[in-house]
Amino acid sequence: VVVYNVTMKALRRGRKWDLLEELLQDMLSRGMEPDNITYSTVISCARQCNLPDKAVEWFERMSETGCVPDEITYTTMIDAYSRAGKVEEALNLYERARAVGWRPDTVTFTTLLKMYGIAGDFDGAIITFQEMKALGVQPNVITYNSMFAALGKAERPSVAKALFKEMTEAGLKPNQVTLTSLLKIYGKARWADDALQLWENMKEQGWEKDLILYNTLLSMCAGIGRTEEAVMLFEEMGMSENCKP
RNA sequence: GUGGACGGACCUU
């Protein structure tokens, strides 16, 4: 089974759904018993390939064969629903799993948060975030990034600012995605001071920048009319190793 | 020894 699972992982990475499903059929016809790892890989591949019906189909078949979903399989399936825009189904599954005594973890909550963000349900995202903390589940960088994505859509720069403070005070280090999302939020709200302050922080703390982050900074300077800063950025890019203009 | 979450920039209002 492990050999099959590893092969499936490779197929998932290459998004080869047909081959992966064939392999699963092969396992079943040989009388092997795919486990949670097998099924979560299968479901996740279906999700990546935009085949939500396949995800549901195998999730159901899995239960029929007596394989009880574990926490990762549940989360994978919730994410598959989320990606397909099936919010109701995702929440139903979540409730059902909770009723069976399942303890959702950071990834689960982040997946739910992301779903609310995509749906534009900013309040839902906030509530989930609070619920998560109330249950003692620690948010991580990806959790915060998903919140910023939701906030960007809702155009709530002040909430984003407060969250960012909370995040750094909790000792979490922002990554390029965090900074890009935040800058975009500030830029859209024309909060020039906060945006430039963030850039200062990046220099002080030595937070790395990537190409996308440089581009965001540049277009922000253009948007708020800070030509001098833009020139400095451009020169800095020229000196950097991996971000040639 | 194997499985899950970051729809981040410009082009695009």
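Residue numbering restarts at 1 for every chain, and letters A, B, ... go by the order of the sequence lines.
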S.K.: Using a strict cut-off of less than 4.0 Å between a Lys/Arg side-chain nitrogen and an Asp/Glu carboxylate oxygen, indicate whether A:Glu57 and A:Lys54 qualify as a salt bridge.
M.R.: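 Between A:Lys54 and A:Glu57 there is a salt bridge, with a charged N closer than 4.0 Å to a carboxylate O.
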S.K.: In the hydrophobic clustering that connects Ile, Leu, Val, Met, Phe, Trp and Tyr at side-chain heavy-atom distances below 4.5 Å, which members other than A:Val6 occupy its cluster, ordered by chain and number?
M.R.: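 Reading the cluster by chain and number, A:Val6 sits alongside A:Val2.
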S.K.: Membership question, hydrophobic clusters at under 4.5 Å side-chain separation (ILVMFWY): are A:Leu172 and A:Leu151 in the same one?
M.R.: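 Same cluster: A:Leu151 reaches A:Leu172 through Ile, Leu, Val, Met, Phe, Trp or Tyr contacts under 4.5 Å.
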S.K.: Test of understanding: with side chain to side chain contact (heavy atoms under 4.5 Å, CB included), list the residues that count as partners of A:Ser40, not counting sequence neighbours.
M.R.: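 For A:Ser40 the side chain to side chain contact (heavy atoms under 4.5 Å, CB included) partners, ignoring immediate neighbours, are A:Ile72, A:Thr73, A:Thr76.
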S.K.: Which pairs with one or both residues in residues 146-161 of chain A pass side chain to side chain donor-acceptor pair (under 3.5 Å), sequence neighbours excluded?
M.R.: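 Pairs touching residues 146-161 of chain A that pass the test: A:Lys161-A:Asp194.
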S.K.: Tell me every residue that passes side chain to side chain contact (heavy atoms under 4.5 Å, CB included) with A:Asn5, counting only those two or more places apart in sequence or in another chain.
M.R.: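 Here the qualifying residues are A:Val1, A:Asp35, A:Ile37, A:Thr38.
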S.K.: Nearest whole angstrom, please: distance from the C1' of B:G4 to the CE of A:Met62.
M.R.: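 Checked: the CE to C1' distance equals 13 Å.
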S.K.: With a 4.5 Å heavy-atom cut-off, do A:Gln130 and A:Ile126 have their side chains touching?
M.R.: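 Yes, side chains in contact.
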S.K.: Measure from the side-chain heavy atoms of A:Lys9 and tell me the nearest of B:G8, B:U2, B:G4.
M.R.: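 Output: B:U2.
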S.K.: Rounded to the Å, how far apart are A:Tyr4 OH and B:G3 C1'?
M.R.: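 Spelled out: OH on A:Tyr4 to C1' on B:G3 is 18 Å.
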S.K.: For A:Asn92, what residues pass the side chain to side chain contact (heavy atoms under 4.5 Å, CB included) criterion, not counting sequence neighbours?
M.R.: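 Result, side chain to side chain contact (heavy atoms under 4.5 Å, CB included) vs A:Asn92: none returned.
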S.K.: Parallel under 30°, tilted from 30 to 60°, perpendicular over 60°: which one fits the rings of A:Phe164 and A:Trp207?
M.R.: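 Perpendicular: the ring planes of A:Phe164 and A:Trp207 meet at over 60°.
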S.K.: Got a sec, which residues hit side chain to side chain contact (heavy atoms under 4.5 Å, CB included) with A:Glu236, two or more places apart in sequence or on another chain?
M.R.: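 Checked A:Glu236 against side chain to side chain contact (heavy atoms under 4.5 Å, CB included); matches are A:Trp199, A:Lys209, A:Tyr214.
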S.K.: Pick the P atom in B:U13 and in B:G8, then give their distance to the nearest Å.
M.R.: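 15 Å, rounded to whole Å.
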S.K.: Supply the members, apart from A:Val3, of the Ile/Leu/Val/Met/Phe/Trp/Tyr cluster built from side-chain contacts under 4.5 Å; use none for a lone residue.
M.R.: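 Listed partners: none, A:Val3 stands alone.
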S.K.: Looking at residues 147-163 of chain A, who's got a heavy atom less than 4.0 Å off RNA chain B?
M.R.: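 Per residue number, the list is empty: none.
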S.K.: With rounding to the nearest 0.5 Å, note down the distance linking CG in A:Leu183 to NZ in A:Lys188.
M.R.: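 Rounded to the nearest 0.5 Å, the CG-NZ separation comes to 13.0 Å.
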S.K.: Given 3.5 Å as the limit, does a donor-acceptor pair link the side chain of A:Ser82 with the main chain of A:Ile78, or not?
M.R.: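 It does not hold such a pair.
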S.K.: At less than 3.5 Å, do the side-chain atoms of A:Asn145 and the base atoms of B:G7 form a donor-acceptor pair?
M.R.: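 Under the 3.5 Å cut-off, the side chain and the base do not form any donor-acceptor pair.
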S.K.: Can you tell me how far P in B:G7 sits from the matching atom in B:U2, rounded to whole Å?
M.R.: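 After rounding to an integer number of Å, I get 25 Å for this pair.
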S.K.: Which residues, if any, of residues 236-245 of chain A bring a heavy atom under 4.0 Å of RNA chain B?
M.R.: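 The answer is none.
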S.K.: When you measure from the side chain of A:Asn5, which nucleotide among B:G3, B:C6, B:U2 comes out closest?
M.R.: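 Nearest to the side chain of A:Asn5 among the choices is B:U2.
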S.K.: Is the ring centre of A:Phe129 less than 6.0 Å from the ring centre of A:Tyr144?
M.R.: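 Ring centres of A:Tyr144 and A:Phe129 closer than 6.0 Å.
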S.K.: Considering only nitrogen or oxygen atoms on both sides, find all protein atoms under 3.5 Å from nucleotides 9-13 of chain B and state each distance.
M.R.:
{"from": "B:A9", "atom 1": "OP1", "to": "A:Lys184", "atom 2": "NZ", "distance (Å)": "2.6"}
{"from": "B:A9", "atom 1": "O4'", "to": "A:Thr216", "atom 2": "OG1", "distance (Å)": "3.0"}
{"from": "B:A9", "atom 1": "N3", "to": "A:Asn215", "atom 2": "ND2", "distance (Å)": "2.8"}

S.K.: With a 4.5 Å limit on heavy-atom distance, are the side chains of A:Val87 and A:Leu91 in contact?
M.R.: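 A:Val87 reaches A:Leu91 side chain to side chain.
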S.K.: Enumerate the residues from residues 70-99 of chain A whose closest heavy atom to RNA chain B is under 4.0 Å, giving them by residue number; use none for an empty result.
M.R.: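 Output list: A:Asp70, A:Ile72, A:Thr73, A:Thr75, A:Thr76, A:Asp79.
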S.K.: Does a distance-only test, which skips hydrogens and angles, find a donor-acceptor pair under 3.5 Å between the side chain of A:Asp35 and the base of B:G3?
M.R.: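 Result: no qualifying N/O pair found.
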S.K.: Can you measure A:Gln48 atom CD to B:A5 atom C1' for me and round it to whole angstrom units?
M.R.: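 Checked: the CD to C1' distance equals 12 Å.
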S.K.: Rounded to the nearest angstrom, tell me the gap between atom CZ in A:Phe129 and atom C1' in B:A5.
M.R.: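 Between C1' of B:A5 and CZ of A:Phe129: 15 Å.
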S.K.: Rounded to whole angstroms, how far apart are NZ on A:Lys209 and C1' on B:G8?
M.R.: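 The distance from NZ of A:Lys209 to C1' of B:G8 comes to 16 Å, rounded to the nearest Å.
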S.K.: Considering only B:U2, B:A5, B:G3, which nucleotide approaches the side chain of A:Asn36 most closely?
M.R.: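 Closest nucleotide to the A:Asn36 side chain: B:G3.
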S.K.: For the pair A:Arg98 and A:Glu131, evaluate salt bridge (charged side-chain N to carboxylate O under 4.0 Å, His left out) and give the outcome as yes or no after the intermediate values.
M.R.: CA-CA 13 Å; A:Arg98 295 275 331 242; A:Glu131 188 183 332; 3.8 Å; yes
S.K.: Expected output is a numbered-order residue list: members of residues 108-126 of chain A with a heavy atom under 4.0 Å from any atom of RNA chain B. What is it?
M.R.: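 Under 4.0 Å from RNA chain B: A:Thr108, A:Thr110, A:Thr111, A:Lys114, A:Ile118.
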S.K.: Quickly work out the A:Lys173 NZ to B:C6 P distance and round it to whole Å.
M.R.: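 It is 21 Å, rounded to the nearest whole Å.
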S.K.: Does the distance from a Lys or Arg side-chain N to an Asp or Glu carboxylate O, for A:Glu166 and A:Lys133, drop under 4.0 Å?
M.R.: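 Here A:Glu166 pairs with A:Lys133 in a salt bridge, since their nearest N and O are under 4.0 Å apart.
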S.K.: Categorize A:Asn140 for me: base, sugar-phosphate, or nothing, with a 4.0 angstrom heavy-atom threshold over every strand shown.
M.R.: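 A:Asn140: base contact, heavy atoms under 4.0 Å.
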